[in-house]
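See below for the structure under consideration.
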Amino acid sequence: MEAKGLEPSNLLTASQALYQLSYAPKWRRATLAVRTSPSESGKGGAGPPQGVNCGTNPPGDPRSRAYPGAMARAYDVGAVETKWQRHWEVEGTYQIDNDDPREKFYALCMYPYPSGAAHQGHVRNYTFGDLAVRYQTMLGKAVLTPFGFDSFGLPAENAAIKTGTHPRTFTEARIVELKSSLTRLGAVYDWRREVRSHDPSYIKWSQFIFLKLWEAGLAYRATAPVNWCPGCQTVLANEQVLPDGTCDRSGDLVYKRDLEQWFFRITAYADELLEALDDLEWPERVKTMQRHWIGRSEGAEFDLLVDGQDGVSLRVFTTRPDTSFGMTYAVVAPEHPLLDLLTTDAQRDAVDELKKRAAASTEIERTSAGDATQLEKRGAFTGSTVHNPFNEQSVPVYVADFVLMGYGTGAIMAVPAEDERDWDFAQLHGLPIVRTVQPPEGWDENGGGAYTGDGAKINSDFLNGLDIATAKAQALDFLERKGIGERKVNFRLRDWLVSRQRFWGCPIPAVYCPTHGVVPVPVEQLPIVAPDDVEFLPTGQSPLASHEGFLNTTCPICGGPARRETDTMDTFVDSSWYFLRFCDPWNDEAPFDPAAARHFMPVDQYIGGIEHAILHLLYARFFTRALIDVGMAPGLGREPFKRYLAQGMIRMDGTKMSKSKGNLIAPEHYYDTVGADGLRLFHLFAGPPFDDMDWSPQTEQVIEGCGRFLDRLWRTLSPTEDQAPAPTRMGEETDADRTLRQATHRTIKAITDDLERWSYNTAVAHCMELLNALQKYARIEGGLHQATWNEAADALLELLAPLAPHVTAELWEQRHPGQPSVHLQRWPTYDPELTRAETVTMVIQVNGKVRDKIEVDPDIAEADAQAAALALPKVVDALAGQEPTRVITRAPRLVNIVL
RNA sequence: GCCCGGAUGGCGGAAUCGGCAGACGCGGCGGCCUCAAAAGCCGUUGUUCGAAAGGACGUGCGAGUUCAAGUCUCGCUCCGGGCACCA
């Protein structure tokens, strides 16, 4: 799973660091300093986390707040966190076996591209994921929590070209870095199940799946114009080209080039992928994005006979067959096979000129809106006319670059009156405009132009007077009755181009034989692994293409000399099935055991960045279906991800925090000050998980505040603290005791609710409130009630355990020596009787304005509530003798007296 | 241009079903402790008028629905993201 814009090296060069230190805002320098010298980040040696809070004290002055909190921390954060991280590793609480009898829960964070040490985006992601793992475990479930690395990809190869390091060496070093910073976060995984895309045992099954899809006709070869990036020396998917026509990694201008490529037939699943979206528990926003991406449109295809060319017809696609009477010209794509035939000698030069320009343009340029006046240059008359079967009239045929061969039939009927682009084009080329829908009154007076809204049909013979929907249906009937056209559904979605002319990817298992053509590599020969002795030069071809040992092979059919496919697969192929491999990663007879997949799938909670909301999720949904349909996963559910949390991104100075922008903030420094627990709490507390978050100077102070909360927790609950409250009182419960008990049970209810609806920020707030209540209770006269205090304290530790796992584990152990860990406790339950309010504040409004509030019984009768309200002196004053016209009573919440 | 989000105190945010706007935290202010500071603790903190009691105003802007709108409807403005003339 690659984030966009990653650069090969994680380390700043000396000059970059110098620049940043000199010119970066003061508060940011410190983190840069920490990042560039992680070895110095030990206790006391770390640079100040921010300049803003340093006050006026000179550096070195012991009074300086340069390292806030660290010297006053209530407990040894580093020692506690290391202790428990080791404990979890040894204990194996979060390793589960496939035959675990407990109810399963599959929690998964998108596996990362190993770009080096973790940054705040990772921290946020894995904090959410780890919370789910620990919470669901406390609910008594067997939680599958695997981790892996999306370890193929361009950055490693670019690094190889630059430095000569083999991509594997480079990648594995990055994996070690990422893993170690994740360990310090205290996120727990079943590392036995780790997978890496570049591992031969994973390559083997990616290739196996490829062969299965090929066998089933879901993988095929076709010549297609592809985006060629001169910088990366590789083909890019349309989706990887930025709107300005440049490569999303290198920034080079991308141009078109015809190549024979491998495709996966995702379009065969277009309808199903669209329809199944409805039932997913995904953010509406993401589902909408996928719907638009698939882009289903219903319409008609029909033939226009070419005048003077016996029997030759031009087939067009339209979503508006009802407007056919308004067709005043037709347009074909520059690549249209009939274009040569349509072009007359007189128009040949103009058409050729246009064809040449279109070939040199990127698709983005051809399809981007731009200035409407440019349309004149972007189209040319072919010299031919075609026959409109609706009104028996002939209209001219134009060629224009904005019509694409890849969508519909590569030819359109143009109806300028009801299409804005057609209108502009008609105006510039002096073509007639005939309205077929009556625009609303005053339309032309208010600027006019194309009218795309609904209205009565006009100038349309048998369709006149109908609305658009009815007219559409009748126009379709007309075409089908006459046998010249049919109803047709078109999709914007295109087949998935999987070939990459790269080295650091999964080799495509195919062989080219002069006699037998393209032949699949026999399964017994898998995996096909790239050789190590390759030269990384930006030659324009994959190093594989020039490696004789790899290139030369024999035909599996005839044994004669043959050539290997040297293209590798798009890394999205690897990420389209890794979640299945996690179910059964040890399997060496199949990618996964169907029974294991049926047991763990679907993923109950999937978490990852919104940047993967379209492509990765769509490809994974397609793959799951394809694997079922080729017989590899009988009985598996067709949707891989039941619930998806689209995590917001972290911004700094208004832009996305990313490596390419050089504005990453490393977590290590915070591990030393507030600890992983403090940093996790901050990420949970900062706002809703799906919202974007701004990293600002204030952020440092909020993180410090989270650390302070944990300090207070420690001082209040640790038996090792001399000042810690010591409950001794037994027996009868006082009012103050009961108040605390209610607070405890209400907090249990609130936090359980919060976690179920992903409202992590309010869950943290509720923990803070309970601690505040505990501290307030600790000051009461007459000593603390033992049972009440212990119940509240233990509940708080349990509720906080998934959020701040280290400190809660330590405090629990101190309070319950020799007993099972807090993480092995069952999630606390509440007594509904105690969560019920004894009194409710009832608001009394006069004309909608709050005039008074009274405490009432929650079960107060409507009549009693009303009577009580009307008797209040403030209400009597406000009424001033007037008789209310209406009294709205919503007992026990509110009474509104309307005059 | 189209599509999808969003806008609430000095700041991050809360308000789950149309019913007390501002939970919790950050920051600020005042105090305690201290030789002093840091840390900690206590209090306070939407704006405004008022000495106070109390009042008025207040969820980007403008309308509307409703007894009642941060929440629903319509029309805007600005910000963020996605998509690119999709026939």
Side-chain angles (χ1 to χ4, degrees), chain A residues 55 57 61-65 68-69 71-74 243 283-286 288-289 291-293 295 297 299 316-320 331 363-364 366-370 372 375 378 400-404 406-415 419-422 424-425 490-492 610-611 613-614 648-649 651 654 656 682 685-688 690-694 696-706 708-709 711-712 715 723 753-754 757 759 761-762 764-769 772 775 779 841-845 847-850 853 884-888 890 893-899:
Chain A
N57 293 320
D61 185 325
R63 276 174 289 174
S64 171
R65 292 184 61 203
M71 57 187 86
R73 209 91 285 166
E284 248 347 284
R285 181 164 56 128
V286 174
T288 305
M289 280 160 77
R291 283 190 192 105
H292 288 326
W293 190 265
S297 58
V316 294
F317 173 71
T318 179
T319 52
R320 291 290 304 273
V331 189
E363 184 170 317
I364 303 298
R366 284 179 55 180
T367 57
S368 68
L375 279 176
R378 294 173 52 187
D401 68 352
F402 54 77
V403 175
L404 304 175
Y407 185 82
T409 60
I412 62 165
M413 68 169 198
V415 185
D419 182 287
E420 278 167 33
R421 187 197 54 207
D422 291 352
D424 292 338
F425 191 86
N490 247 304
F491 291 95
R492 205 193 79 108
I610 188 82
E611 67 268 26
I614 296 186
M649 64 183 188
R651 282 188 308 235
K656 182 179 171 173
F682 159 73
F685 187 51
F690 6 81
D691 285 3
D692 288 347
M693 179 177 95
D694 283 303
S696 72
Q698 171 112 78
T699 298
E700 301 290 347
Q701 292 163 338
V702 180
I703 294 173
E704 193 49 42
C706 290
R708 275 204 301 269
F709 165 71
D711 287 337
R712 277 201 298 134
R715 287 194 212 98
Q723 307 293 313
D753 258 21
D754 289 340
R757 67 191 176 102
S759 183
N761 52 335
T762 55
V764 175
H766 284 128
C767 288
M768 290 172 168
E769 282 178 298
N772 290 346
Q775 289 193 301
R779 291 193 297 268
T841 307
M842 187 167 77
V843 176
I844 320 304
Q845 298 179 330
N847 282 337
K849 292 199 179 212
V850 179
K853 298 170 187 181
T885 53
R886 208 176 149 187
V887 180
I888 287 112
R890 293 283 177 276
R893 298 249 157 251
L894 166 140
V895 175
N896 189 8
I897 299 150
V898 186
L899 291 178

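Residue numbers begin at 1 in each chain, while the letters A, B, ... track the order of the sequences.
For B:G54 and B:U59, the C1' atoms lie 25 Å apart once the distance is rounded to whole Å. Nucleotides B:C24 and B:G9 have their C1' atoms positioned 14 Å apart, rounded to a whole Å. Comparing the P positions of B:C32 and B:G50 gives an interatomic distance of 30 Å, to the nearest angstrom. Comparing B:G10 with B:U44, their C1' atoms sit 16 Å apart, to the nearest whole Å. Distance noted for atom C1' between B:G6 and B:C76: 16 Å (whole Å). Taking atom P on both nucleotides, B:A23 is separated from B:G43 by 15 Å, rounded to a whole Å. Nucleotides B:G19 and B:G12 place their C1' atoms 27 Å apart, quoted to the nearest Å. The separation of B:C41 from B:G55, taken at their C1' atoms, amounts to 36 Å, rounded to a whole angstrom.
The nucleotide B:G58 finds no pairing partner, because no Watson-Crick or G-U wobble arrangement with both distances shorter than 3.5 Å includes it. In this structure B:A51 sits in no base pair that meets the Watson-Crick or G-U test at under 3.5 Å. With a 3.5 Å ceiling on both atom-pair distances, B:G70 lacks any Watson-Crick or G-U wobble partner. Base pairing of B:U77: its partner is B:A7, meeting the Watson-Crick or G-U wobble criterion (both donor-acceptor distances under 3.5 Å). Base pairing of B:U65: no nucleotide in any strand meets the Watson-Crick or G-U wobble criterion (both distances under 3.5 Å). In this structure B:C83 sits in a base pair with B:G1, meeting the Watson-Crick or G-U test at under 3.5 Å. Under the Watson-Crick or G-U wobble criterion, with both distances below 3.5 Å, B:G30 is paired with B:C42. Using N1 to N3 plus N6-O4 or O6-N4 for Watson-Crick, or N1-O2 and O6-N3 for G-U wobble, each under 3.5 Å, B:U16 pairs with nothing.
Checking B:C3, B:G27, B:A21 against the side-chain heavy atoms of A:His292 singles out B:C3 as nearest. Checking B:A21, B:A84, B:U16 against every side-chain atom of A:Asp753, the shortest atom distance belongs to B:U16. Nearest to the side-chain atoms of A:Asp692 among the listed nucleotides B:C67, B:C11, B:G80 stands B:G80. Of the listed nucleotides (B:C20, B:A87, B:C57), B:C57 has the atom at the smallest distance from the side chain of A:Lys849. The side chain of A:Gln701 sits closest to B:C26 out of B:G19, B:C26, B:A87. Listed nucleotides: B:G25, B:U16, B:C83. Nearest to the side chain of A:Phe685: B:G25. Proximity note for A:Arg285 (side chain, C-beta onward) versus B:G19, B:C4, B:A15: the nearest is B:C4. Here the side chain of A:Arg757 is nearest to one of B:A15, B:A84, B:G10, namely B:A15. Side-chain proximity of A:Ser297 to the nucleotides B:A14, B:C86, B:A87 is greatest for B:A87.
When rounded to the nearest whole Å, the span between CG of A:Leu404 and P of B:A84 equals 11 Å. At whole-Å resolution of the value, CZ in A:Phe402 and P in B:C83 are 23 Å apart. Regarding A:His766, its NE2 atom lies at a distance of 12 Å from the P atom of B:A14, rounded to whole Å. One interatomic measurement links the two molecules: CG of A:Leu894 to P of B:A69, which rounds to 12 Å at whole-angstrom precision. Between A:Phe425 atom CZ and B:G1 atom P there is a gap of 23 Å when expressed in whole angstrom units. The separation between A:Met649 atom CE and B:G80 atom P is 10 Å, rounded to whole Å. Distance CG (A:Asp424) to P (B:G1): 13 Å, rounded to an integer number of Å. A straight line from CD1 of A:Ile888 to C1' of B:G19 spans 11 Å, rounded to a whole angstrom.
Residues A:Asp422 and A:Ile412 come closest through the heavy atom pair OD1-CD1, 4.2 Å. Closest approach of A:Thr699 to A:Phe682, counting heavy atoms only: CG2-CZ, 3.4 Å. When all heavy atoms are compared, the tightest approach of A:Phe425 to A:Ala400 is CE1-CB, 4.3 Å.
Within the structure, every side-chain polar atom (N or O) of A:Arg890 is placed at least 4.0 Å from both OP1 and OP2 of B:G19. Between B:G25 and A:Asn772, a contact under 4.0 Å exists linking OP1 or OP2 to a side-chain N or O.
B:G50: glycosidic angle beyond 90° from 0, hence anti. For B:C57, the base is anti relative to its sugar; the glycosidic angle deviates from 0 by more than 90°.
Within the 4.5 Å cutoff, no side-chain heavy atoms of A:Arg320 are placed close to those of A:Val415.
To the nearest 0.5 Å, atom CD1 of residue A:Ile703 and atom CZ of residue A:Arg708 are 12.0 Å apart.
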Notebook entry, point to check: What one-letter contact string describes nucleotides 40-47 of chain B from 5' to 3', where B marks a base within less than 4.0 Å of any protein heavy atom, S marks contact via sugar-phosphate atoms alone, and - marks no contact?
Noted result: SSS-----
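Residues satisfying the side-chain contact (heavy atoms from CB on, under 4.5 Å) criterion with A:Asn772, sequence neighbours excluded, are A:Arg712, A:Gln775. For A:Phe709, there are no ring pair (Phe, Tyr, Trp, His ring centres under 6.0 Å) partners at least two apart in sequence or on another chain.
A:Glu769 comes within contact range of the sugar-phosphate backbone alone, with a heavy-atom separation under 4.0 Å but no base atom that close. Residue-level contact check: A:Thr318 touches the backbone only, with heavy atoms under 4.0 Å from sugar-phosphate atoms and none from bases.
Taking for each of A:Pro688 and A:Ala765 the nucleotide of RNA chain B with the nearest heavy atom, the 5'-most of the two is the partner of A:Pro688. Of the two residues near RNA chain B, A:Asn896 and A:Gln845, the one whose nearest nucleotide lies more 5' is A:Gln845.
For A:Asn896 (side chain) and A:Gly848 (main-chain N/O), a donor-acceptor pair under 3.5 Å exists by modelled atom type. Using modelled atom types, one side-chain atom of A:Asp692 and one backbone atom of A:Met649 make a donor-acceptor pair closer than 3.5 Å. At least one donor-acceptor pair closer than 3.5 Å links the side chain of A:Arg492 to the backbone N or O of A:Trp293. In this structure, the side chain of A:Asn847 engages the main chain of A:Leu899 through a donor-acceptor pair within 3.5 Å.
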